[in-house]
Amino acid sequence: MARRKKIYEGKAKILYEGPEPGTIVQYFKDDTTAFNAQKKEVIEGKGVLNNRLSELFMTGLSQIGVPTHFIKSLNMREQLVRNCEIIPLEIIVRNFAAGTISARLGIDEGTQLPRPIVEYCYKDDSLGDPLVTEEHIAAFGWASQQEMDDILNLALRVNDFLSGMMLAVGIRLIDFKIEIGRVYDGDFMRLVVADEISPDSCRLWDIDTGQKLDKDVFRQNLGNLTDAYTEVASRLGLMPKNTKQNATTSE
Ligand code: C5P
């Protein structure tokens, strides 16, 4: 039987050719990496949780008018998405200091920032995804000025939406990363939120205890990663109570 064509394999996902032109199947792996893949582990069930959580965030964004690449969920690990041309930038939005901004600017982790801060990194693993300015982006033609205006607007709308959704379930959205893609409809091009939105790409802290419920659990060896992601999924209503303990075995 003919196997579908693999287009790309990344650190956490595999992309396959979709059933219709312009579509792609995005498969969520259990592979977990940190520090530009210097730390690696297979964490059973992580892909299932991220597939489900990313679906929830992407469909919620569509409902408030933020365009995304998401079309539909296919199964526990796969979703059908629009094929898009990924802009080679990681767009990071920060509400509280943590991670590289704390290290770079000497701000204590958890300090509330005066306003959401948007940063851009150039997507290149071999360079460690360096921080870049809008000047670099314009000079090297990675995105046009109009696209940068749209990207900033999208990033802040995603921030408002995700912050509110998390706040409602007692979680503080510290920061997150998104990727933006160009989708072509004939001669018309539009930007969409692409890739994934999951606890792999966000920092999520319990509001009361400060407990970390994101990939920092893996980065900093703070405990069981799927327990943390299951807690997020459960609070967001994705896990029937009696299956909460079975996230890793429910495939
Ligand atoms: O490491 P840093 O503090 O710059 O990360 C900011 C946010 O972006 C974190 O939520 C992190 O998980 C996410 N991120 C990501 N992929 C990267 C770099 C950062 O998802 N390559």
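Computed over heavy atoms, backbone and side chain alike; hydrogens, waters and symmetry mates excluded. As the structure lists them, so they are numbered: ligands from 1, and atoms in each ligand from 1.
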S.K.: Is the positively charged end of Arg77 above the ring of Phe28, judged by distance under 6.0 angstrom from the centroid and angle within 45° of the axis?
M.R.: no
S.K.: For atom 17 (C) of ligand 1, tell me which residue out of Glu109, Lys177, Glu90, Lys11 has the closest non-hydrogen atom.
M.R.: Glu90
S.K.: For ligand 1, is any non-hydrogen atom under 4.0 Å from Asp200's backbone (N, CA, C, O), its side chain (CB onward), both, or neither?
M.R.: backbone
S.K.: Counting distance only, does the side-chain N/O of Asn51 pair as donor-acceptor with the main-chain N or O of Met76 below 3.5 Å?
M.R.: yes
S.K.: Give a yes/no on ligand 1: does Lys123 have at least one heavy atom closer than 4.0 angstrom to it?
M.R.: no
S.K.: Between the main-chain N or O of Ile197 and the side-chain N or O of Ser201, is there a donor-acceptor pair closer than 3.5 Å?
M.R.: no
S.K.: Backbone, side chain, both or neither: what part of Cys202 comes under 4.0 angstrom of ligand 1, heavy atoms only?
M.R.: backbone
S.K.: Closer than 4.0 angstrom, basic N to acidic O: yes or no for Lys123 and Glu179?
M.R.: yes
S.K.: Could you see which bit of Glu119 sits under 4.0 Å from ligand 1, with heavy atoms only: side chain, backbone, both or neither?
M.R.: neither
S.K.: Could you check whether any side-chain N or O of Lys29 sits under 3.5 Å from a backbone N or O of Gly10, counting only pairs where one atom can act as donor and the other as acceptor?
M.R.: yes
S.K.: Heavy atom of Glu196 under 4.0 Å from ligand 1?
M.R.: no
S.K.: In terms of residue, atom name and distance, what is the protein heavy atom nearest to atom 4 (O) of ligand 1?
M.R.: Thr100 OG1, 2.5 Å
S.K.: Under the salt bridge (Lys or Arg N to Asp or Glu O under 4.0 Å) criterion, do Glu119 and Arg104 qualify, and how do the steps go?
M.R.: CA-CA 13 Å; Glu119 296 176 345; Arg104 203 182 323 118; 3.2 Å; yes
